[in-house]
Structure formats: structure tokens, C-alpha cells
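These notes are about the structure you will find just below.
All values reported here derive from a predicted model rather than from experimental measurement.
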Amino acid sequence: MTYVVSGFSRTASSCANIGPAERRKRVRIAAVSLAVAVLMAAPLVALGAQRSWRLLALPPIWVGALCLVEAKTRTCVVLAARGVRNMDASDERVTDPDERQALTKRAMGVHVWTLILTLVLTAALLTF
């Protein structure tokens, strides 16, 4: 089996480690997390608080970014690290070594894209 792995690119569907219900769950978590970040940051911006105080919104921004990227790439980094997948039924072991390696590479891409998205959103927050 050959896999092409990088960031958001599409690969063989068997390389995904989360199914549609798990993806929807991550989108909901992302929406809540980003809403919390906005609710935390908006008063600080409105009151003219120091930029360092706005960094309190960093953890929910990171959680929101991670969940969005996981949903987009169909790859959960925690499941990939454990060598399992959840295609909406329950966790099952990934036995194919090539597929496990592909999932590990995809998980690294998820981490990179999460970092980029978090930095962009945090930079936007700090510019106000």
C-alpha cells in the first residue's frame, strides 16, 4: 500500500483514523473553544488591557485549531500516537505497519498546521 502524506492532502481513505461522527464532534468542540476564546478576549480588547493578558485566550484557541485541523485531515493525533482508529464504532488497532507510519506522518502534519493556525489567530488577537 502506498500513501501520499502531507498536511491537508487527501490520501487513501483507509489512512484516516476518525469517522464522520468523530469529525462532527471535533467541529463542535472547535466551535465552543473558539467561542470561549472570543468571550475571553473581547472584554480585554474592549477595556484596552495589556496584550499579555490577551494570551489567556491562547489555550482555547489552540484546542479549537487542533480540533478543526483534525476534522479536516480525518486524523486524531492521540489515536495516531496510540496506533488506533475510531471510525465511529469503537477504537480498533491499526495492524498494517505502513498505515501506522502514514498515520504518524499525518499526525505530524496536524501538529504543524495547528501551530500555524494558532499563531495566526493569536497574532490577530494581539494586533487589536
Side-chain angles (χ1 to χ4, degrees):
M1 235 179 231
T2 304
Y3 295 99
V4 177
V5 180
S6 67
F8 287 116
S9 69
R10 291 254 176 208
T11 61
S13 62
S14 63
C15 191
N17 73 350
I18 55 175
E22 289 293 316
R23 291 173 66 199
R24 284 190 298 274
K25 183 189 316 181
R26 281 160 178 77
V27 170
R28 284 191 303 272
I29 293 169
V32 169
S33 296
L34 294 174
V36 167
V38 168
L39 290 173
M40 289 173 68
L44 295 171
V45 171
L47 294 172
Q50 290 181 347
R51 289 186 175 141
S52 58
W53 282 101
R54 298 179 201 173
L55 290 176
L56 291 171
L58 182 65
I61 290 173
W62 176 78
V63 169
L66 176 63
C67 288
L68 283 177
V69 176
E70 283 185 341
K72 173 68 176 164
T73 60
R74 301 174 296 139
T75 305
C76 173
V77 297
V78 173
L79 293 178
R82 291 177 35 215
V84 298
R85 71 166 59 97
N86 185 333
M87 302 310 284
D88 300 333
S90 64
D91 289 357
E92 60 184 47
R93 262 262 167 258
V94 176
T95 56
D96 181 2
D98 291 335
E99 189 174 349
R100 282 186 70 149
Q101 183 179 15
L103 283 170
T104 300
K105 287 181 182 179
R106 282 177 67 134
M108 288 301 299
V110 169
H111 284 301
V112 169
W113 281 107
T114 298
L115 176 63
I116 291 168
L117 186 55
T118 301
L119 290 174
V120 167
L121 292 172
T122 304
L125 172 64
L126 294 177
T127 60
F128 291 106

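Side-chain atoms of Thr127 come within 3.5 Å of backbone atoms of Ala124 as a donor-acceptor pair (strictly under, hydrogens ignored). Judged by distance alone, with hydrogens and angles left aside, the side-chain atoms of Arg93 form a donor-acceptor pair with the main-chain N or O of Gly83 at under 3.5 Å.
When all heavy atoms of Arg54 and Leu44 are compared, the pair lying nearest together is CA-CD1, 4.0 Å. Pairing each heavy atom of Ala57 with each of Ala37, the nearest pair is CB-O, 3.8 Å. For the residue pair Ile18 and Cys76, the shortest heavy atom distance occurs at CG2-CB, 3.7 Å. In terms of heavy atoms, Ala30 sits closest to Cys67 at CB-CB, 3.8 Å.
Note that the CG atom of Leu66 and the NE2 atom of His111 stand 7.5 Å from one another [nearest 0.5 Å]. Summarising the geometry, atom CD belonging to Gln101 is positioned 10.0 Å from atom CG belonging to Asp96; distances are rounded to the nearest 0.5 Å. Separating the CG atom in Leu115 from the CH2 atom in Trp62 is a distance of 11.0 Å, to the nearest 0.5 Å. Rounding to the nearest 0.5 Å gives a distance of 9.5 Å between OG1 of Thr75 and CZ of Arg23. How far CD of Gln50 is from CG of Leu126: 12.0 Å, rounded to the nearest 0.5 Å.
Put simply, Leu121 and Val45 are part of the same group of oily side chains (I, L, V, M, F, W, Y) that touch within less than 4.5 Å, one to the next. Placement of Leu47 and Met40 in two distinct hydrophobic clusters is found when ILVMFWY residues are connected by side-chain heavy-atom separations under 4.5 Å, directly or transitively. Neither Leu58 nor Val112 shares a network with the other; the hydrophobic side chains, linked directly or stepwise wherever heavy atoms of I, L, V, M, F, W or Y lie under 4.5 Å apart, form separate groups for each. When the side chains of ILVMFWY residues are joined at heavy-atom separations under 4.5 Å, either directly or via intervening members, Val77 and Ile29 end up in a single hydrophobic cluster. Leu39 is not connected to Val32 by any chain of hydrophobic side-chain contacts under 4.5 Å among Ile, Leu, Val, Met, Phe, Trp and Tyr, and they are in different clusters.
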Run Asn17 and Val84 through side-chain contact (heavy atoms from CB on, under 4.5 Å) and show every step you take.
CA-CA 7 Å; Asn17 73 350; Val84 298; over 6 Å; no
Using the side-chain contact (heavy atoms from CB on, under 4.5 Å) rule, take Trp113 and Lys72 through it: C-alpha gap first, then chi angles, then the decisive distance, then the call.
CA-CA 11 Å; Trp113 281 107; Lys72 173 68 176 164; over 6 Å; no
As a quick check of understanding, evaluate side-chain contact (heavy atoms from CB on, under 4.5 Å) for Leu68 and Leu34, giving each step before the final call.
CA-CA 10 Å; Leu68 283 177; Leu34 294 174; 3.9 Å; yes
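Among residues at least two apart or in separate chains, side chain to side chain donor-acceptor pair (under 3.5 Å) pairs with a member in residues 25-43 are Glu22-Lys25, Glu22-Arg26, Arg26-Glu70.
Within a 6.0 Å sphere centred on CE of Met108, heavy atoms belonging to other residues, nucleotides or ligands number 12 at most.
When each of Ile61, Val38, Leu55 is checked for a side chain to side chain contact (heavy atoms under 4.5 Å, CB included) with Leu125, only Ile61 meets the rule.
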